[in-house]
Amino acid sequence: MAFAEVIGDPIAQSKSPLIHGFWLDALGLDGRYERQHVTSDALKAYIDERRGDPDWRGCNVTMPHKGAVMDLVDDPGDVRTTIGAMNTVVRRPDGQLMGTNTDAAGFYAPLAESDLAGAPVAVVGAGGAARAVLFALARADVGEVIIYNRSPLKAMGLLASFGLKGEVRGLDAALAPAALLVNASSLGMTGQPPLDLDLSPLPDDAIVYDLVYSPLETALLRAARARDLATVDGLDMLIGQAALAFELFFGQSPPQGRDDELRALLTA
Ligand code: NAP
C-alpha cells in the first residue's frame, strides 16, 4: 500500500497525519500517512532504507532536519540557493529522490487574490518560517519589507539574500503602515511570550497573517479582528503546504470544499 510519512525530532506534535489521513479517507484512496520519529543520527539510514521501498511515496520533513535532508536527496532543485530549507522529499518511480519546499507556496495561497505588488509589508521573525515567507514575498514583488526581530543581524542577512528592499527594526519599534503584517516568529505560540504590537499604524484595509497555529486564536489576530482588519491564521498555511505535498505523494488534489470539516478536526 502506498504510504508517506512526516519525520522529525520530536514528532508527536505534528498535525500532518491528521490532515493527510482526512484527505485519504475523503477520497477513498488506498494509502497511509504516518508520523515517524527520526533523530539526526538516524536521518541518513532512514532515507537510505526508504529509498528502496517502492510503496514509500516520500516524506514531509520538520525540525531539525530541514537543512540536513538537502544533502541526502538526488535532486534538491533550487531549494538550497533559494529558501535554504527542504520540507518535502518525493520518491520517483525509479527510486530517485526529489526534494522541494511547499511552505512558501502554502504561505502565499491565502493571499493569492490580494494584489501585493509594490505594497509595503511588515514581517515579525527571521527564522525558518520567515525564510519561506520572504521567499514568497520576493516572488510576489512586494514593496519595502520591514523585518522586526530580536536578532537584527539575522534579519539583515535575510533581506539581502532574498534581494528585498527594506529595513530591520527591533521588536519594540513602532509598526510601519504596512498593507500586510505577518507574524513568522514563535511569539504568541503556546508556552512563548505573546506578540504585543500596537496595530494602530496599519491602514483599514491591511491584512494580518499569523503563522502560529497553536493556539489558533492568537492575541495578535484578536487585536486585528477588534479593528475589523482582514486576518489569516496559521492553519491556512499548514493546510496549504500539506495540499501541495499530498499531490506529490498521492497524485491527486485534496478534496474541494472540505476545509471547514478539516479545520474542525484540527482544532478539536
Ligand atoms: P525558528 O526558526 O526557531 O524562528 C523563531 C523566530 O521567533 C526567530 O525570529 C526568533 O528570534 C523569534 N523568537 C523566538 N522566541 C523569541 C522570544 N522569546 N522573543 C523574541 N523573539 C523570539 O522557528 P520557525 O520554524 O521559524 O517557526 C516560527 C513560528 O512559525 C512558530 O510558531 C511555528 O509554529 C510557526 N510556523 C507555522 C507554519 C504553518 O504552516 N502555519 C509553518 C512553519 C512555522 P531570533 O531570530 O532573535 O532568535
Side-chain angles (χ1 to χ4, degrees), residues 6-20 60-69 79 83-88 100-111 122-137 145-162 168-173 175 180-197 207-221 231-246 254 259 262-263 266-267:
V6 57
I7 62 166
D9 178 22
I11 197 60
Q13 79 294 346
S14 174
K15 290 187 186 291
S16 295
L18 268 180
I19 300 174
H20 287 263
N60 285 121
V61 181
T62 185
M63 300 292 282
H65 306 316
K66 287 186 176 188
V69 80
V79 170
I83 303 182
M86 189 170 280
N87 79 332
T88 306
T100 187
N101 187 313
T102 63
D103 279 337
F107 159 75
Y108 202 72
L111 300 172
V123 175
V124 183
R131 292 190 73 88
V133 166
L134 293 167
F135 174 77
L137 292 175
V145 176
I146 300 187
I147 304 183
Y148 299 80
N149 200 48
R150 180 176 60 179
S151 318
L153 273 181
K154 213 160 119 187
M156 281 172 199
L158 283 192
L159 271 186
S161 67
F162 291 107
V168 173
R169 297 183 185 166
L171 286 170
D172 52 357
L175 200 54
L180 170 69
L181 165 66
V182 182
N183 175 30
S185 79
S186 315
L187 295 172
M189 215 174 132
T190 305
Q192 296 289 321
L195 175 58
D196 192 14
L197 284 179
I207 303 168
V208 176
Y209 194 148
D210 199 339
L211 266 54
V212 169
Y213 55 82
S214 178
L216 196 54
E217 171 85 353
T218 58
L220 175 68
L221 291 182
T231 57
V232 184
D233 67 38
L235 277 191
D236 282 325
M237 175 171 168
L238 194 69
I239 293 171
Q241 60 78 27
L244 296 165
F246 186 87
D259 278 8
L262 177 56
R263 288 176 69 92
L266 292 170
T267 50

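Whatever order the structure lists them in is the order used to number ligands and atoms, beginning at 1. When a residue number appears, it is its place in the shown sequence, counting from 1.
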Checklist entry - So, does Thr102 use its side chain to make a donor-acceptor pair with the main chain of Gln241 at under 3.5 Å? => result yes

Checklist entry - Just by distance, do the side chain of Thr190 and the backbone of Ser214 share a donor-acceptor pair under 3.5 Å? => result yes

In the protein, what heavy atom is nearest to [atom], and what distance, to one decimal place, separates them?
| atom | answer |
| --- | --- |
| atom 20 (C) of ligand 1 | Leu171 CD1, 3.5 Å |
| atom 25 (O) of ligand 1 | Ala129 N, 3.9 Å |
| atom 29 (C) of ligand 1 | Ser185 O, 3.3 Å |
| atom 4 (O) of ligand 1 | Gly127 CA, 3.4 Å |
| atom 28 (C) of ligand 1 | Ala184 O, 3.4 Å |
| atom 48 (O) of ligand 1 | Arg150 NH2, 2.9 Å |

Checklist entry - Is atom CG of Asp259 surrounded by more than 12 heavy atoms (other residues, nucleotides or ligands) closer than 6.0 Å? => result yes

Check each atom of ligand 1 against the heavy atoms of [X] and keep those under 4.0 Å away; list them by number with element.
| X | answer |
| --- | --- |
| Gly125 | 9 (O) |
| Lys154 | 45 (P), 46 (O), 48 (O) |
| Gln192 | 15 (N) |
| Val212 | 32 (O) |

Item to check | Residue portion contacting ligand 1 (non-hydrogen atoms closer than 4.0 Å) for Leu235 | outcome: neither

Checklist entry - Should the proximity of Met189 to ligand 1, defined as any heavy atom under 4.0 Å, be assigned to the side chain, the backbone, both, or neither? => result side chain

Using a 4.5 Å cut-off on heavy atoms from C-beta on, say whether the side chain of [Y] contacts that of [X].
| X | Y | answer |
| --- | --- | --- |
| Leu187 | Arg150 | no |
| Tyr209 | Met237 | yes |
| Leu220 | Val124 | no |

Do [X] and ligand 1 have an N or O pair less than 3.5 Å apart?
| X | result |
| --- | --- |
| Leu211 | yes |
| Gly128 | yes |
| Tyr213 | no |
| Pro193 | no |
| Gly234 | yes |
| Ser186 | yes |
| Asn149 | yes |

Checklist entry - In terms of ring plane angle, is the pair His20 and Phe246 parallel, tilted or perpendicular, where the classes change at 30° and 60°? => result tilted

Next on the checklist: Consider side chain to side chain contact (heavy atoms under 4.5 Å, CB included). Of Val232, Leu134, Leu137, Asp236, which one does Phe107 pass it with?
Outcome noted: Leu137

Checklist entry - Of all residues at least two apart in sequence or in a different chain, which pass the side chain to side chain donor-acceptor pair (under 3.5 Å) check with Thr88? => result Asn60

Item to check | Sequence-distant partners of Asn149, side chain to side chain donor-acceptor pair (under 3.5 Å), two or more places apart | outcome: none

Next on the checklist: Heavy atoms only: which of Ser214, Pro64, Ser151 lies closest to atom 47 (O) of ligand 1?
Outcome noted: Ser151

Next on the checklist: Nearest non-hydrogen contact with atom 42 (C) of ligand 1 belongs to which option: Met237, Gln241, Arg131, Met63?
Outcome noted: Met237

Checklist entry - Nearest heavy-atom pair of Leu175 and Ala122: which atoms, and what distance? => result CD1-CB, 4.2 Å

Next on the checklist: Quick check for you: to the nearest 0.5 Å, what is the distance between Asp172 atom CG and Leu197 atom CG?
Outcome noted: 10.5 Å

Checklist entry - Nearest 0.5 Å, what's the CG-CD1 distance between Leu180 and Ile207? => result 6.0 Å

